[in-house]
Amino acid sequence: MPKIIHYRNKCIGCNICFELQPQFWRMSMKDGKAVLLRSEGKKDVYILPVPENDTRQSREVAKACPVNIIKVL
Amino acid sequence: MKNRKIELLSPAGSFDSLQAAINAGADSVYFGVEQLNMRAKSVNTFCVDDIGEVAAICRANGIKAYITLNTIIYGHDLQLLRGILSEVKKHGIDAVIASDFAVIEQCNQMGIPLHISTQANVSNIEAVQFFARFSDVIVLARELTLKQVEDICSEIKRRDLKGVSGELLKIEVFIHGALCMAISGKCYLSLHAQNSSANRGACTQNCRRSYLVKDAETGDELLVDNEYIMSPRDLCTVDVLDRIISCGVDILKIEGRSKGADYVFTTTQCYDEAIDAIDSHSYSPEKIEDWTKRLSAVYNRGFWAGYYLGHKPGEWTSQPGSAATEKKIYIGRGSNYYPKINIAEFTIETGFIKPGDTLMVTGPLCGMVKEKAATLVVNGAESPKAVKGDKITFPFTTKIGWKDKLYKIVSVENA
């Protein structure tokens, strides 16, 4: 199954991931950075398996991230 | 802090640069944390937990510390903002530099001294008077002429405009470093091109690239004198610093939180000497020439005096990246320190060095130190060359560790 990887530490809280794909992303009200919903992670690297038909949109999100901290594998 | 009327404010983008600024004679430094500052994308951004350490280092060295919180603030940033401000208050950071009204409001509520950022583009006395209700220092827009700066400063005195602290409002201006092709902070080029907002500290510097103009119909490329049509040269005012000071400004600021400790050290040292020279009436063409030469050695895109002299805009750079006359080449990291005999050991990770090379060490404790290696001790014995894997040792007064980096300085022609 494809997966989204979020390297959260370098997030600048621009909001674009949440804007493009609200089903997977939220902005944390605590530290202002993006949160990859239902993901599992440690040391600021979060991983979420996603269905095949969600990957196109996820790749667009990855491309839109200004600090390149979202990868889709 | 020196007992002088003018305050020299240097950038501290990392602990290395912070120490370099202190060693070079800065009266104060500014730094940013997390994503709410204009260098959010910078590799070495400090985090909230560093605020206490930065404050302690500055206090121990008798200089002031200002924190930049000058991006656009969104709703989801507000709690982080409050968290940062409570740390700022707790550790006694001297002031917050801000432009967003959320930060201004919060600082006022919490009783934190405030400086109005250049991002607010304050360009006239009425705007100064408006912001005087909230702040103690106003950083003027970088696009003003000296006459406009002077008029604002004299009008502050005439109107007796006081800041929140009850003291006469202070004026801060930029004296050195990168300029923006747009009015400072009002550029969306980076966002439109790469979805990366300069106003969230993530400028991708599209203006710094070379461009061609193409006729879409015929495919003909139009001739452009200079391909770098949007990249302004860097501000350098060391030759007009006396005129800037005589305008009545209080704080002189150097840009460059994303730049290395060597840049911070050299720029701070040159302007520190220039301020003292003006104070002691020994400011001379010979000294200006020396400072300009030293400033040209570190990162720059070619110099001009910005908008201060009222020259026509369009002083564009003619090359990508830096026009510095010297280049630093990374060699290796600190691997050991022998405190009893003050000997530092560095492991070479790439390249080579020879006796006679100028070496530079940057690190959180030493800041930036340059030394000429007369002889070279490699793996315990004198040697004509050190290469990858070798350990070199030399006398060094400051303790070093793995965070300290060793560079070789070469002139650009030899690079």
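Just so we're on the same page: letters track the sequence lines, and every chain starts at 1.
With a 4.5 angstrom heavy-atom cutoff, A:I12 touches chain B via backbone and side-chain atoms both. In this structure, chain B has heavy atoms under 4.5 Å from both the backbone and the side chain of A:K33.
With respect to B:R200 and B:D77, a salt bridge is recorded, a charged nitrogen being found less than 4.0 Å from a carboxylate O.
Here the shortest heavy-atom pairing between A:W25 and A:C17 reads CD1-O, 3.5 Å. Here the closest heavy-atom approach between residue A:C11 and residue B:Q35 is recorded as O-CB, 3.9 Å.
Residue with the most contacts toward chain A among B:N195, B:T71, B:L80: B:N195 (heavy-atom pairs, distance under 4.5 Å). Note: A:D31 leads A:D31, A:N9, A:V67 in heavy-atom pairs under 4.5 Å with chain B.
A 4.5 Å side-chain heavy-atom check between B:C47 and B:E34 finds at least one atom pair inside the cut-off.
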